[in-house]
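Hydrogens, waters and symmetry mates are skipped; everything else that's a heavy atom, side chains included, is used.
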Amino acid sequence: MLDHLIRRATVVDGTGGPAYPADVGIRGGRIVVIAEPGTVTEEAVTSEDADGLVLAPGFVDPHTHYDAQLFWDPYATPSMNHGVTTVAGGNCGFTLAPLHPDRPEDADYTRRMMSRVEGMALAALEEGVDWTWSTFREYLDALEGRIAVNAGFMVGHCALRRHVMGADAVGGQPTPAQLDAMLALFHDAMDAGAWGLSTTQSSTHSDGDGEPVASRHARAEELLALSRAVGEHEGTQLEAIVAGCLDQFSDEEIDLLVDMTAAAGRPLNWNVLTIDAAVPERVPRQLTPSERARAAGGRIVALTMPILTPMNMSLGTFCALNLIPGWGEILALPVPGRVERLRDPATRAEMLRRADSKEAGVFRRLANFGRYVIGDTYSAANEGLSGRVVNDIAAERGQDPFHCLVEICAADDLRTVLWPMPTDNDPDSWALRQRTWEHEDVMLGGSDAGAHLDRMCGAPYTTRFLGDCLRGRKLVPLPTAVRMLTDDPARLFGLRERGRIEEGFHADLVLFDPERIDAGPATLVHDLPGDSPRLDSKAIGIVSVRVNGVETLRDDKVTGAVPGTVLRSGRDTRTVSTA
């Protein structure tokens, strides 16, 4: 007897092939029958009529930071609401394990680092996670049996360094004995099922004390030793972030990434490839590592988002504006001193000069303050400004846009929420995206779901992209879009029997209405531990989500089931050839 039968669905199977009508039967967490509608005679415990609906493989998000959130939110919301059934965590060099058992202060350091560098509310990290593990195996075991999605995790380089070197991990170099200890710790994590190594060399990544995170101090020989260790385990990967990921790679960064994937003999992915027709030289430069890696026996994959992810800003709390050269020290001042400096015309002029300089890199995109939209406001002086564009307000007041923005924020004691309008929402940029997606080493992803919670909401990229493909720009046909969200990332990670609708595959499935599939606007909610805020987005048109055959979501409401699996390298992943 079947556990469940989905009748008369329009199956888009993840291969990129044309859609077809079928009945799909599930038993024991697997897809066991795919047949022409009306031909399945085996009885089923439950069934449903999916006439007019699309049945696709569950979406695979290749870059998330759900490492902590899964402890208080096993449903990985809002990703699961938007059809995601498998998430890759432990990215950017940051993981919650291993933790040194004799240094309880390491957990506090990790919480503060994650709060600063990944925008996770400190109260949520303190109240929503029990922090009882030491080894990476214990961390994975703590999630086993209690999550609704499938989840795999890289090992963060920062945690490895901190465990072995203590406080010296920031600023220091390992002795030969310490490097051996780091490698032993890493092999132990890999034996437990970690997917591989993640690391960061990005200049934007600082810990809770404002110091460069531990992995930023690692030299090439350390990174290559760890990369070679990755290659000693089945079904493993590399993920790396360098400063040039944000704009354009330096020659030295290209050399490092190519050397790492070649040393491991494993794929390496990075994020995020920003595509903007106003900077036509960026895409060719950012794909140079991929071309060189293939010649060296490796593979480098760039993740890119198929939507424009709205990200809010504030002059009152840490955000991307703090990363503009010269802005961090001003925006770190106490609020009264910050307002005083911001109101100084000479200071504003210098800030604008730095924001529009070559050294600002990709953050130059944030410097057009007239195109900011005012979000939430908090004072009577700002009543009626929410939803208005700064350029219009500035023209009414006879001020330049940045001066106008500063005065609006000052009236709210810098709590005003600011939404910059994207600069790359033009037809040429979308045409460039369409062409770039065809490259064999470009893959959709980079949502950062689970991180930067009150600043951005990238999780809905799946449903918004599908809606755009069906009713918007229609840059790719639906079967291609589904393949890009399912089979492509599944094959990059070597996931065993996932990513397609095929007999014998795990029944990770999403059923949606093609006439409605979309994502609602990002709204601020306070539903994290400690009443901490995050941005959420409602899924539109998702009828059902199944993970390993069990329904986890119906009509945008979680069912309470937790059938997800902690995906472990080797057992649940196979080695992906870089040849």
Hey, is [X] close enough to [Y] for a salt bridge, meaning N to O under 4.0 Å?
X    : Y    : answer
R294 : E440 : yes
R112 : D207 : no
D468 : R471 : no

Decide yes or no for [X] and [Y]: does some side-chain heavy atom of the first lie under 4.5 Å from some side-chain heavy atom of the second?
X    : Y    : result
L5   : L2   : yes
T64  : S447 : yes
L511 : V54  : no
P98  : T135 : no
I501 : P57  : yes
L96  : M114 : yes
M113 : V213 : yes
V442 : L287 : yes

- Task: For side chain to side chain contact (heavy atoms under 4.5 Å, CB included), just list the numbers for W270 and V242, CA-CA rounded to whole Å, side-chain angles, deciding distance to a tenth of an Å, and then say yes or no.
- Result: CA-CA 9 Å; W270 64 272; V242 296; over 6 Å; no

Which pairs count as salt bridge (charged side-chain N to carboxylate O under 4.0 Å, His left out) when at least one residue sits in [range], sequence neighbours excluded?
range            : result
residues 68-77   : none
residues 132-152 : D141-R568, E144-R568
residues 116-133 : none
residues 453-465 : none

- Message: Here's a test for you: under side chain to side chain donor-acceptor pair (under 3.5 Å), which of T85, D572, T486, N548 qualifies with R498?
- Response: N548

When rounded to the nearest 0.5 angstrom, what distance separates [atom1] in [X] from [atom2] in [Y]?
X    : Y    : atom1 : atom2 : value
L143 : F71  : CG    : CZ    : 4.0 Å
D487 : L495 : CG    : CG    : 9.5 Å
M456 : T309 : CE    : OG1   : 5.0 Å
L528 : M120 : CG    : CE    : 11.0 Å
I300 : T578 : CD1   : OG1   : 10.5 Å
Y66  : S79  : OH    : OG    : 2.5 Å

- Could you name each residue pair satisfying side-chain hydrogen bond (donor to acceptor under 3.5 Å, both in side chains) that touches residues 538-547, not counting sequence neighbours? H4-R546, S544-E551

- Query: What pairs meet the side-chain hydrogen bond (donor to acceptor under 3.5 Å, both in side chains) rule with one or both residues in residues 15-28, with sequence neighbours excluded?
  - Reply: D13-T15, R27-E42

Expected list for residues 228-236: side-chain donor-acceptor pairs under 3.5 angstrom, two or more places apart:
unit_1, atom_1, unit_2, atom_2, d
H233, NE2, H187, ND1, 2.8
E234, OE2, R496, NH2, 2.7
T236, OG1, V230, O, 2.9
T236, OG1, H233, O, 3.1
T236, OG1, R266, NE, 3.0

Are [X] and [Y] close enough that a side-chain donor and a side-chain acceptor fall under 3.5 Å?
X    : Y    : value
N269 : R299 : no
H157 : T199 : yes
T204 : S202 : yes
S198 : N91  : no
S47  : R7   : yes

- List the steps, then state whether ring pair (Phe, Tyr, Trp, His ring centres under 6.0 Å) holds for F153 with W195. CA-CA 6 Å; F153 299 90; W195 279 18; 8.1 Å; no

- Aromatic ring pairing W437/F465, orientation class (parallel under 30°, perpendicular over 60°, tilted between): perpendicular

- Query: In terms of ring plane angle, is the pair H63 and H65 parallel, tilted or perpendicular, where the classes change at 30° and 60°?
  - Reply: perpendicular

Would you please name every residue forming a side chain to side chain donor-acceptor pair (under 3.5 Å) with [X], sequence neighbours left out?
X    : answer
D67  : none
D51  : none
D556 : N81

- side chain to side chain donor-acceptor pair (under 3.5 Å) evaluation trace for Y139 with T95: CA-CA 10 Å; Y139 167 77; T95 49; over 6 Å; no

- Task: Give the C-alpha distance, both sets of side-chain angles, the deciding distance and a yes or no for ring pair (Phe, Tyr, Trp, His ring centres under 6.0 Å) between H82 and Y461.
- Result: CA-CA 8 Å; H82 294 270; Y461 78 95; 9.4 Å; no

- Message: Enumerate the ring-ring contact (aromatic ring centres under 6.0 Å, His included) contacts for residues 106-132, please, sequence neighbours excluded, ordered by first and then second residue.
- Response: W131-W133

- Task: Only pairs at least two apart or in different chains count here, so list each ring-ring contact (aromatic ring centres under 6.0 Å, His included) that has a residue in residues 497-548.
- Result: none

- Task: Evaluate the side chain to side chain donor-acceptor pair (under 3.5 Å) criterion for residues T77 and R534: first the C-alpha distance (whole Å), next the side-chain angles of each, then the deciding distance (0.1 Å), finally the verdict.
- Result: CA-CA 11 Å; T77 62; R534 66 166 175 158; 3.0 Å; yes

- Message: Treating D3 as the side-chain partner and G28 as the backbone partner, does any N or O pair qualify as donor plus acceptor under 3.5 Å?
- Response: yes

